Enquirer: 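Questions regarding the structure given below will be posed in turn.
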Amino acid sequence: MIKIIPAIKEQKTLDSSILLEGLTQCVGVFNQNLILQNWNLNFSNCFSVITKSHDQDIFLKDILLDGFDLTKIEDDNAIAFSIVREIIKADHISEIFSFNFEYAKFDGKYYSISGKVIDGFGLIITVTDITGRKKADMFQRSSNNILANHMLNIDDDSQIMEQQATDAICMAEELAIAREEFEQSAIHMQAILNAMAEGLVTINEDGEIQTVNKAITEIFNYELADIENKEILTLFKSSQFLSTKDLLHHVKKMECPEYKIKETAVKKDKTEFPIELSISEIFSTKKREFTVIFRDITEQEEAEKRIRKMALEDSLTGLANRNLLKKSLDNSLKNARRHGNPLAVMFLDLDMFKPVNDLYGHGVGDELLKVVAARLEDAARETDIVARLGGDEFSIICTNLENERSVLTIAERILGSIQEPVQINNKILQIGTSIGISFYPADSEDPEELFRMADVALYKAKEDGRRTYKLYNSEMDSSAKLEKQIATQLAQAIDNEELLLYYQPQIDAKTLEVVGVEALIRWLHPERGMIPPNSFISIAESTGLIHSIGQWVLDTACVQMKKWHDQGYLFKICVNISARQFHSQDFIASIRDSLKISNLDPKYIELEITESTVIQDIETMIEKLEEISNIGISLAIDDFGTGYSSLAYLKRFPVDQLKIDQSFIREIIENHEDAAITDAVIHLGHSIGLNVVAEGVETPQQVKLLQEKGCDLLQGYYFSTPLDDKEFINWVNDYDPKII
């Protein structure tokens, strides 16, 4: 069983881009096709191509060639040229390697670029401005050359002086001037070195420390007297070289002007931290000497670890996430084909988990999920991969199976383990699980099909009473028929007047007055009863029914709001727009039709779209959003923080409001991370002139905290559940903000 060390609890659903903005390094993340996927502001400031390429993908080679002309390579960029020339040939992550080099841009600045290949994920690029160190190094070399030239001149003049005594006085004057220049140069050089944030050490050809700058004493807590004439390995332990002699033997043979390695630094108190060493030779007329620059790369490595965790681990349980599960299944299938062993995929869904969440809160629910994760790891074998797919859904890949019965033994062990009582916060809880199982190669050789078949078997296990397992067979595969049946019934739902709109109020956080209402669709099925939107909207989108349903919602909401206006209730109505509806060519025309039908003033309409809806083809989306805004309709970004949040995009969108996803509000009192994220979104929205709405407000404590944080609007069950049109107006008439 693959075990992943549980991560410190991080932001649960916050996109990587928000996290990257908090890093001090310039960091960019490329996918397996070497296309830039995410980056922070520092990274975009380094490369002008990012701000220029709004309507096309930015590739790794675009970044590497930004400000770097391959037709005009000078000495400073000779090494970088050879590395870049090879890298830009690659079109896929499999064709590339981890790299590190320095180069000089046209603006006179020097940069260090490091690329780290993460197998199965992509490439992480970190960029460091090393202009200060480079200039200091060039100054030092220049100073040494000046001194060497002066000393040679002095030697020549001394020979002449032996022959021409009359020139002695002139030579003495030149020597005095040379010495004064050297002294001034040394003072200036030392001042520059002491101002460096990076540590710098000079060593002789035996590797003994001769001088250090101020940063070294601060980083390592040594005084010069403590380390003077000590071997350079006093400051770090090497994983590559056995001794200082071994290290210098390698450095002396190097052809490049600068040798870089990553090692582990050791402070005086034995504290360790990661560093990057840059070793360069000092050219002088005396013995060979070297400079060693120490750069603390703790933050860089932490950034790589965080990105890796985001990509491959579930932040709550520490298990593999969906991405790592897919990668693991691909690898396991390769091994299974090679050795001819069967393989099984399990899908698990917890029984009676939702009532625990509803009754005791999501904090208890999260603790229960952690217990379940631990029990699944204990029940699985060492060679199995356990993953959390999200919510209360888990999966296990069982490898190296002898026969089908061994999987059933694991399934039975899991069923027994999960239903054992759990004590959390002095509460005794008991749940169960249902399991669906598919087999390679008996059911399929395709990984996606194995996942789908296990899911179908899980659905059958839940249908048959839960707390059991089912093996996939073709007779179970009725999901396509069920979806087609729902699509057929959904197509008739509008004509049969089965679709309804419910309304939930939006409250001004300062005055607690009702200022708006969100329209929410429901389906009152004649046989299945009330069906929530998450059970049919995805089918509506996949079949194209979303266009007619979305138009019905917009028409109905506008007509209803006009009726309320005529009765004296001047609210703004918010309508959710699906991605497929928004991207349709006649979407703007459909808005105008709704306004014409209802005769509603457009300033009382707000359309809510998700981040993912407008993240593609930015320029076209901005044009469409501006056209909507020009009509007079306001725009809101819904579920902010759960998608690919980007301040660069957000600043360009003509939106008026952000809606913080309820997943952050739910535990805002108990969870400091959720509180911090909420606070950040509020400040972000206000900084660019947007109002901020908090969804999912359920307690007076949440109301008070959100008021203190400056949130503009509140929405949630604390004020009212979604109501039909008559119930909503009755609620409005009875509502008294003074007793809230």
Side-chain angles (χ1 to χ4, degrees), residues 479 481-506 516-567 569 571-584 586-600 602 604-610 613 633 636 638-639 659 662 695 715 717 720-732:
S479 59
K481 294 180 180 179
L482 178 61
E483 182 173 317
K484 185 175 181 180
Q485 181 183 15
I486 292 176
T488 302
Q489 295 173 347
L490 189 57
Q492 302 168 352
I494 297 178
D495 294 336
N496 295 341
E497 298 184 350
E498 296 171 10
L499 296 182
L500 306 171
L501 280 190
Y502 273 44
Y503 305 90
Q504 188 173 37
Q506 292 182 338
V517 57
E518 181 175 4
L520 302 166
I521 191 172
R522 299 290 186 268
W523 181 8
L524 184 57
H525 193 279
E527 297 175 357
R528 301 171 61 190
M530 191 66 75
I531 302 177
N534 59 354
S535 298
F536 63 86
I537 289 298
S538 60
I539 296 176
E541 288 204 335
S542 64
T543 58
L545 290 171
I546 194 65
H547 297 295
S548 58
I549 292 176
Q551 188 66 54
W552 176 87
V553 170
L554 191 57
D555 291 345
T556 305
C558 290
V559 170
Q560 182 61 66
M561 185 51 62
K562 184 61 170 69
K563 289 180 180 179
W564 284 337
H565 282 191
D566 293 341
Q567 297 170 11
Y569 302 99
F571 306 135
K572 175 180 283 189
I573 192 160
C574 307
V575 180
N576 290 283
I577 303 299
S578 75
R580 190 163 181 176
Q581 183 183 3
F582 179 83
H583 290 300
S584 65
D586 59 351
F587 179 59
I588 302 296
S590 72
I591 296 175
R592 298 185 188 278
D593 288 342
S594 295
L595 292 174
K596 184 176 181 180
I597 292 171
S598 63
N599 198 29
L600 179 64
Y604 289 107
I605 303 177
E606 181 171 85
L607 302 183
E608 295 183 2
I609 53 179
T610 61
T613 300
I633 293 173
D638 198 11
D639 299 338
K659 297 193 74 174
Q662 60 182 337
E695 295 182 301
Q715 181 179 341
Y717 282 15
S720 174
T721 60
L723 305 168
D724 65 29
D725 55 341
K726 295 182 178 59
E727 292 172 333
F728 177 76
I729 286 301
N730 291 336
W731 177 88
V732 170

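Everything numeric here is computed off the predicted structure, so don't read it as measured data. The chain is numbered in sequence order, starting from 1.
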Enquirer: How many angstroms lie between CD1 in I537 and CZ in R580, if you round to the nearest 0.5 Å?
Expert: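 Answer rounded to 0.5 Å: 12.5 Å.
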
Enquirer: Give me the atom names and distance for the closest heavy-atom approach of I531 to H525.
Expert: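 Looking at all heavy atoms of both residues, the closest pair is CD1-CB, 3.6 Å.
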
Enquirer: For P532, give me all partners under side chain to side chain contact (heavy atoms under 4.5 Å, CB included), at least two apart in sequence or on another chain.
Expert: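 For P532 the side chain to side chain contact (heavy atoms under 4.5 Å, CB included) partners, ignoring immediate neighbours, are N534, S535.
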
Enquirer: Distance check, rounded to the nearest 0.5 Å: C558 atom SG versus I605 atom CD1?
Expert: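 Reported value, rounded in 0.5 Å steps: 3.5 Å.
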
Enquirer: State which residues pass ring pair (Phe, Tyr, Trp, His ring centres under 6.0 Å) with W552; sequence neighbours excluded, sorted by chain then number.
Expert: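 For W552, no residue satisfies ring pair (Phe, Tyr, Trp, His ring centres under 6.0 Å) once neighbours in sequence are set aside.
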
Enquirer: Mind checking the CG-CG spacing from D725 to N730? Nearest 0.5 Å is all I need.
Expert: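 Answer rounded to 0.5 Å: 9.5 Å.
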
Enquirer: Between E518 and Q504, do the side chains contain an N or O donor and an N or O acceptor separated by less than 3.5 Å?
Expert: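 Distance-only check fails for E518 and Q504.
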
Enquirer: Does the side chain of F571 come within less than 4.5 Å of Y503's, by heavy atoms?
Expert: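 A side-chain contact under 4.5 Å is absent here.
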
Enquirer: So how far is it from S590 OG to F582 CZ, rounded to the nearest 0.5 Å?
Expert: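 Interatomic distance, S590 OG to F582 CZ, rounded to 0.5 Å: 11.0 Å.
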
Enquirer: Given side-chain contact (heavy atoms from CB on, under 4.5 Å), test T610 with N576 step by step and report yes or no.
Expert: CA-CA 9 Å; T610 61; N576 290 283; over 6 Å; no

Enquirer: Would you give the length of the straight line joining atom CD of Q492 to atom CG of D495, rounded to the nearest 0.5 angstrom?
Expert: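 So the gap between those two atoms works out to 8.0 Å.
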
Enquirer: Looking at every non-hydrogen atom in both residues, tell me the closest pair between L490 and A540 and how far apart they are.
Expert: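 Shortest heavy-atom separation between L490 and A540 comes out as CD2-CB, 3.8 Å.
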
Enquirer: For E498, what residues pass the side-chain hydrogen bond (donor to acceptor under 3.5 Å, both in side chains) criterion, not counting sequence neighbours?
Expert: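 E498 satisfies side-chain hydrogen bond (donor to acceptor under 3.5 Å, both in side chains) with N496, W523 once adjacent residues are dropped.
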
Enquirer: With a 4.5 Å cut-off on side-chain heavy atoms, are V517 and M561 touching?
Expert: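 M561 reaches V517 side chain to side chain.
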
Enquirer: Compare every heavy atom of H547 with every heavy atom of S584, then report the nearest pair and how far apart it is.
Expert: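 Looks like CB-CE1, 3.6 Å.
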
Enquirer: Is the shortest heavy-atom distance from the side chain of F587 to the side chain of I577 under 4.5 Å?
Expert: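 Yes - at least one pair of side-chain heavy atoms lies under 4.5 Å apart.
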
Enquirer: If every non-hydrogen atom of P533 is compared with every non-hydrogen atom of I521, which pair is closest and at what distance?
Expert: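 The answer is CD-O, 3.6 Å.
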
Enquirer: Please report the closest heavy-atom contact between A487 and L545, naming both atoms and the distance.
Expert: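 Closest approach of A487 to L545, heavy atoms only: O-CD1, 3.5 Å.
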
Enquirer: Give a yes or no on this: more than 12 heavy atoms of other residues, nucleotides or ligands lie within 6.0 Å of atom CD of Q567.
Expert: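 Result for CD/Q567: enclosed.
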
Enquirer: Would you give the length of the straight line joining atom CD of Q551 to atom CD1 of I494, rounded to the nearest 0.5 angstrom?
Expert: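 If we round to the nearest 0.5 Å, Q551:CD and I494:CD1 are 10.0 Å apart.
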
Enquirer: Listed by chain and number, what are the side-chain hydrogen bond (donor to acceptor under 3.5 Å, both in side chains) partners of Y569, not counting sequence neighbours?
Expert: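 Listed in chain order: N733.
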
Enquirer: Y604: what forms a ring pair (Phe, Tyr, Trp, His ring centres under 6.0 Å) with it, not counting sequence neighbours?
Expert: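 Checked Y604 against ring pair (Phe, Tyr, Trp, His ring centres under 6.0 Å); matches are H565.
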
Enquirer: Who are the side chain to side chain contact (heavy atoms under 4.5 Å, CB included) partners of D724, not counting sequence neighbours?
Expert: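 Here the qualifying residues are Y502, K726, E727.
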
Enquirer: List for me each residue that meets side-chain hydrogen bond (donor to acceptor under 3.5 Å, both in side chains) alongside S578, sequence neighbours excluded, and say none if there are none.
Expert: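 Only E541 meet the side-chain hydrogen bond (donor to acceptor under 3.5 Å, both in side chains) criterion with S578.
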
Enquirer: Under 3.5 Å, is there a donor-acceptor pair between the S594 and D555 side chains?
Expert: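 Judged by distance alone, the side chains do pair up.
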
Enquirer: D566: which residues meet the side-chain hydrogen bond (donor to acceptor under 3.5 Å, both in side chains) condition with it, sequence neighbours left out?
Expert: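 D566 satisfies side-chain hydrogen bond (donor to acceptor under 3.5 Å, both in side chains) with K562 once adjacent residues are dropped.
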
Enquirer: Taking only residues two or more places apart in sequence, or in another chain, which ones meet E608 in a salt bridge (Lys or Arg N to Asp or Glu O under 4.0 Å)?
Expert: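 With sequence neighbours excluded, E608 shows a salt bridge (Lys or Arg N to Asp or Glu O under 4.0 Å) to K659, given in chain and number order.
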
Enquirer: Side chains of Q581 and I549: does their closest heavy-atom pair fall under 4.5 Å?
Expert: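 With C-beta onward as the side chain, the pair stays apart.
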
Enquirer: D593: what forms a side chain to side chain contact (heavy atoms under 4.5 Å, CB included) with it, not counting sequence neighbours?
Expert: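 Side chain to side chain contact (heavy atoms under 4.5 Å, CB included) list for D593, sorted by chain: empty.
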
